[in-house]
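Since the structure comes first, as structure tokens, the remarks are kept for the end.
Throughout, a chain's letter reflects where its sequence line sits, starting with A, and its residues are numbered from 1.
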Amino acid sequence: MLMENIRVRFAPSPTGYLHVGNARTALFNWLFVRKKKGIFVLRVEDTDIERSAAEYEHQLIEDLRWLGLDWDEGPDIGGPFGPYKQSLRMDIYSVYTQKLLEEGKAYYCFCTPEQLKKEREEALSSGKIPIYSGRCRFLSPEEAMRRLEAGERGAIRLKTPDSGTLSFNDLVRGNLSFDLKLTGDPILVRSNGRPAYNYAVVIDDSLMQITHVIRGEDHISNTPRQILTCEALSISPPQFAHLSMVMGKDNTRLSKRHGATAVAQFKREGILPEALFNYLALLGWAPPEGEEVLIKDDLIKLFDLEKVSRSSAIFDYDKLHWLNRQHIKRLPPRKKAEIAYPYLKKTEILPEVMTEEHWKWLERAVECFLEGVDRFADLPEKFALLFDFSPSDMDKETREILQSESAALVIKLFVKKISKVEKFDYPTFAAITQEIKEETGYKGKSLYHPLRVAFTARSSGLELDKFIPLVEDGAKISFPKPLKDCAQRVSEMLEFLQ
RNA sequence: GCCCCUGUCGUCUAGCCUGGUCUAGGACAUCGCCCUUUCAAGGCGGCAACACGGGUUCAAAUCCCGUCGGGGGCGCCA
């Protein structure tokens, strides 16, 4: 028997791709509940038919799973308190609505949206409180019935107190209190018969026995309304915890113009799910010990909802990238190659069908190039060092290296010597350069720099002890675009020079 | 306009509840040095913050008040 039966939920509406802000909310819920060994519920809030789409719902589930979250009850796996989609729960809500109407705790409102909008604007411009006037509150039930029967469509509102204070304890912010005269009668059911968000959540959370509601700060001012609804329904409200918002660099809500915001986008760029997971957990929370590179199990152990920051946090792409590098490093070589493959196949560096020989080579190549790479999507560009060798496209800096006094001689000698060797590898390279060094007296930069350029047509890149074996072995394997070996490269370079 | 939340290095934060141990700690970024046949990685080091103004106190980042800044909300959106 569990001492406390903690149940939390993540309740997104399928109106767009999963945003990192929402992902963080989901993650904090997950961390909290996994630590407490409770139940995580996924519920889809699709009461707004105009904006919801099935396509988004699938994407949402996929993104959540990719991030590494799992749930114990949800629309895709069912559970004892289903259905887990609000659009499938319409008849449930109406039972409660009937009850509230009968008890006189809710009433029909026939004001039109246009009328309400006008009133709101007038109130705002004259400095008054822009809340519902309560005009229909005093309509008798008989009058309401009459108008309904006459074909008028009405929304249903909750009758709320006109004065007093309502306060509740927020798990991250402490005691919060609100002046009830500033809270108008909220719409429970829209005139199209669909429940409004604030109403549906209350009923669903109660029926699904949710004990802790962990959500964004933008819901703080909804909370009094929801507690009032609980009271009308005679149910006890859950505990609340409101998380701060995620901002962009300019301290406005994180949006597309700041960079990637959708989980799927980070996935596409080659951010590891464990890195995004790790980063999101660090956004507004810090582990007590100081070590920040953490995996899920560590995070579950260390997480503490009450230690979550109350102020908003700016999303830092640099730190995400750093964490990504840290997590990439921890991956076994084969895994890195497998993740890298799609990115390289897409740019036609690697073939559709990979032999074991390809994989082995790729493992080595990826191991070399991944150093200092932020995301897997940056890899094709790095591989160009191997696959694109064109002396005619060299940049200014590279050409200058070739114009140094040592360059022509070193390359010429090298071509001569390499033509005599059976098998070229790094030790051979070392031997040849040693000979050139002795013959010409050139050493260090003046010796190696021209050779680097001769091999790569670039002034920087991999270290040659890594580059040479990779190219030599790669040249023996078939690729969509063949890999030239070193001998060929140097002679092409010499040709170009003359 | 009104209400609510929030304010420690450029950024994420530790410390704040339970004043002194804070000449404010860590991480990212940045800068410098080392390593190195370039770059990166790695190692070492530097720069850098208690929003402001009043109180309370022997003593305030920590407690109180005010100001200012930032965010959110005031929907038949969620």
Heavy atoms under 4.0 Å, any strand shown: does Ser311(A) hit a base, just sugar-phosphate, or nothing? sugar-phosphate
If you take atom types as modelled and just measure distance, does the side chain of Ser191(A) reach the base of rC76(B) with a donor-acceptor pair under 3.5 Å? yes
With sugar-phosphate meaning primed atoms plus P, OP1 and OP2, does Asn222(A) contact a base, only sugar-phosphate, or nothing at under 4.0 Å between heavy atoms? base
Provide the distance between the two P atoms, one in rA48(B) and one in rU56(B), to the nearest whole Å. 33 Å
Under 4.0 angstrom, heavy atoms only, what part of the nucleic acid is Ala155(A) near: base, sugar-phosphate, or nothing? base
Using a 4.0 Å heavy-atom cut-off, does Lys437(A) contact any base of the nucleic acid, only the sugar-phosphate backbone, or nothing at all? nothing
I need the CD-C1' distance between Glu381(A) and rC39(B), as an integer number of Å. 13 Å
In this structure, how many angstroms lie between the C1' atom of rA41(B) and the NE2 atom of His321(A), rounded? 17 Å
When the P atoms of rA59(B) and rG20(B) are compared, how many Å lie between them, rounded to an integer? 14 Å
Between the side chains of Arg253(A) and Thr261(A), is a donor N or O closer than 3.5 angstrom to an acceptor N or O? no
Using atom C1' of each nucleotide, how far apart are rC47(B) and rC52(B) to the nearest Å? 25 Å
Closest of rU13(B), rG71(B), rG73(B) to the Ala313(A) side chain is rU13(B)
Assign Glu463(A) to base, sugar-phosphate, or nothing according to its heavy-atom contacts below 4.0 angstrom with the strands shown. base
Take the protein atom NE2 of His242(A) and the nucleotide atom P of rG72(B), then report the distance between them rounded to whole Å. 15 Å
Map Glu371(A) and Ile129(A) onto RNA chain B by nearest heavy atom, then report which one ends up closer to the 5' terminus. Ile129(A)
Round to the nearest Å and state the distance from Arg153(A) atom CZ to rC76(B) atom P. 15 Å
Tell whether Arg452(A) reaches the base of rU38(B) with its side chain through a donor-acceptor pair below 3.5 angstrom. yes
Whole angstroms only, please: what is the CD1-P distance between Ile187(A) and rC74(B)? 13 Å
P gap between rA51(B) and rU62(B), integer Å: 8 Å
Might you work through the ring pair (Phe, Tyr, Trp, His ring centres under 6.0 Å) test for Phe303(A) and Phe28(A), ending with a clear yes or no? CA-CA 9 Å; Phe303(A) 187 74; Phe28(A) 279 32; 5.3 Å; yes
Under 4.0 Å, counting only non-hydrogen atoms across every strand here, what does Leu124(A) touch: a base, just sugar-phosphate, or nothing? base
Just call it for Ser177(A): base, sugar-phosphate, or nothing, with non-hydrogen atoms closer than 4.0 Å on any strand. sugar-phosphate
Is the closest side-chain donor-acceptor distance between Tyr197(A) and Asn222(A) under 3.5 Å? no
Is the distance from OP1 or OP2 of rG72(B) to the nearest side-chain N or O of Arg310(A) less than 4.0 Å? no
Phosphate OP1/OP2 of rG42(B): any Arg325(A) side-chain N/O under 4.0 Å: no
Gap in Å between the two P atoms, one belonging to rU67(B) and one to rC4(B), rounded: 13 Å
Distance check needed: rA40(B) P versus Leu379(A) CG, whole Å only. 18 Å
Any idea which of rA14(B), rA27(B), rG72(B) is nearest the Lys319(A) side chain? rA27(B)
Check whether any side-chain nitrogen or oxygen of Arg173(A) sits under 4.0 Å from OP1 or OP2 of rC17(B), and answer yes or no. no
pair_partner(rC47(B)), Watson-Crick or wobble, both distances < 3.5 Å, evaluates to none
Apply side-chain contact (heavy atoms from CB on, under 4.5 Å) to Ile328(A) and Phe376(A), showing your working. CA-CA 9 Å; Ile328(A) 288 173; Phe376(A) 280 91; 3.8 Å; yes
Which part of the nucleic acid does Lys117(A) contact within heavy-atom distance under 4.0 Å: base, sugar-phosphate only, or nothing? nothing
Taking only N and O in the side chain of Lys466(A), is any of them less than 4.0 Å away from OP1 or OP2 of rA41(B)? no
Does a side-chain N or O from Lys181(A) land closer than 4.0 Å to OP1 or OP2 of rC3(B), or not? no
Taking any heavy-atom pair under 4.0 Å as a contact, classify Phe240(A): base, sugar-phosphate, or nothing. nothing
When both distances are under 3.5 Å in a Watson-Crick or G-U wobble arrangement, the nucleotide paired with rC16(B) is none
Heavy atoms only, 4.0 Å cut-off, all strands: where does His219(A) land among base, sugar-phosphate and nothing? base
What's Ser309(A) touching, base or sugar-phosphate or nothing? Going by heavy atoms closer than 4.0 Å. sugar-phosphate
Between rG1(B), rC76(B), rC12(B), which nucleotide gets closest to the side-chain atoms of Pro130(A)? rG1(B)
Is it true that, when you exclude Lys382(A) itself, more than 12 heavy atoms of the residues, nucleotides or ligands shown sit nearer than 6.0 Å to its NZ? no
Using a heavy-atom cut-off of 4.0 Å across all strands, would you classify Gly216(A) as base, sugar-phosphate, or nothing? nothing
So does Arg120(A) get a side-chain nitrogen or oxygen closer than 4.0 Å to the phosphate oxygens (OP1/OP2) of rG75(B)? yes
Is it true that, when you exclude Lys105(A) itself, more than 12 heavy atoms of the residues, nucleotides or ligands shown sit nearer than 6.0 Å to its NZ? yes
Could Asp316(A) and Lys249(A) be called an ion pair, given the rule that one side-chain N must be under 4.0 Å from one carboxylate O? no
Between Ile220(A) (CD1) and rG71(B) (C1'), how many Å, whole number? 10 Å
For rA27(B), give the paired nucleotide (Watson-Crick: N1-N3 plus N6-O4 or O6-N4; G-U: N1-O2 and O6-N3; both under 3.5 Å), or none. rU11(B)
Whole angstroms only, please: what is the CG-P distance between Asp318(A) and rA29(B)? 7 Å
On a whole-Å scale, what distance lies between the P atoms belonging to rG19(B) and rC64(B)? 12 Å
Tell me if a side-chain donor or acceptor on Asn198(A) pairs with a main-chain N or O of Pro186(A) at a distance below 3.5 Å. no
Could you measure between the two C1' atoms, the one in rC17(B) and the one in rU23(B), and give it in whole Å? 26 Å
Need one value for Leu462(A): base, sugar-phosphate or nothing, where a base atom within 4.0 Å counts as base even if backbone is also close, heavy atoms only. base
Pair Ser125(A)-Arg120(A), side-chain donor/acceptor within less than 3.5 Å: no
Check for me whether Arg147(A) meets the cation-pi criterion with Tyr108(A), that is, NZ or CZ under 6.0 Å from the six-membered ring centre and within 45 degrees of the ring axis. no
Please pick, from rA78(B), rC5(B), rU13(B), the nucleotide with the shortest atom-to-atom distance to any side-chain atom of Leu176(A). rC5(B)
Between rA60(B) and rG53(B) - P atom distance, rounded Å: 14 Å
Tell me the partner of rG1(B), counting only Watson-Crick (N1-N3 plus N6-O4 or O6-N4) or G-U wobble (N1-O2 and O6-N3) with both under 3.5 Å; none if nothing fits. rC74(B)
Is a donor-acceptor contact shorter than 3.5 angstrom present between the side chain of Tyr426(A) and the base of rU37(B)? yes
